[in-house]
Amino acid sequence: MLILVTNDDGVYSPGLRALAAAMATLGEVVIVAPDRNRSAVGHALTLEHPLRAEEIESGVFAVDGTPTDCVNLGIHGLIMQRPDLVVSGINSGSNMGDDITYSGTVSAAMEASLMGIPAIAVSLDAKQFTDEDLARATDFVLVLTRRVLKKGLPPETFLNVNIPSGRCEGVEITRQGKRSYGQAVIVNEDPRGRKYYWIGGTSVGFENIPGTDCCAVSRGFISVTPLHTNLTSDSFCDDMKNWELACRTSDS
Ligand code: MN
């Protein structure tokens, strides 16, 4: 059993180390993670420059790239072996609703899923971890991982787990919810009088849609959302066929 552990908070993140320690009870663990915090880089792949990987401890690689780079490099350049599972996290801060599209944590799991490897992304709804939060998170991830290894996951499907902090009422299987953000771009002036813009809207809440990740975590439940990589809107696909779109064809 070989498990690749990665994240987007960087190789020195306590969440990553706690996750790796838990996974080590199931099999051999290799960590391949960004050498610094690369949160919110989404599914970015580095193509414009070469990547470097440094083995900072035995079986722990720090890569000057994105989480998606780490999964690629890990499997095709460093381990040279297909892992049985890829686990990403434990992220500092939840990845629910719209966050999923920005999340490097989730994207690393998505990358593994695209390669046909079972994958789980794990986030904790707290900026600072307590030992109790981490212990509860790793306990649950172990339970879930054992189940995934036994039952498998459907093709193109991976799991996004969000864990509340402070309390825990149970586990819910959820759908991706809808988050709302406050002022998304802060405009200010630097000391030399030039304007700067800083993206980073604070979350002001979420739409109260029952059965979603945001809803579950806000009520103190661990949310497990099965995601798939195929983004097609099947229902609208059918609707659009009635648009009768036409174009100039080769023989017109
Ligand atoms: Mn992060």
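If you're wondering where the values come from, they're calculated on a predicted model, not measured in any experiment. Order of appearance sets the numbers: ligands from 1, and atoms from 1 within every ligand.
Using a 4.0 Å cut-off between charged side-chain N and carboxylate O, K178 and D98 make a salt bridge. The residues R17 and E57 are annotated as salt-bridged, a charged nitrogen and a carboxylate oxygen being separated by less than 4.0 angstrom.
Among heteroatoms of the N, O or S kind in D8, OD1 lies nearest the Mn ion (ligand 1). Take the N/O/S atoms of D9: the one nearest the Mn ion (ligand 1) is OD1.
Applying the 6.0 Å contact sphere to CZ of R219 captures more than 12 heavy atoms from other residues, nucleotides or ligands.
Closest non-hydrogen pair, S39 versus D9, comes out as OG-OD1, 2.9 Å.
In summary, no N, O or S atom of S103 is located under 2.8 Å from the Mn ion (ligand 1). With 2.8 Å as the limit, S39 counts as an N, O or S neighbour of the Mn ion (ligand 1).
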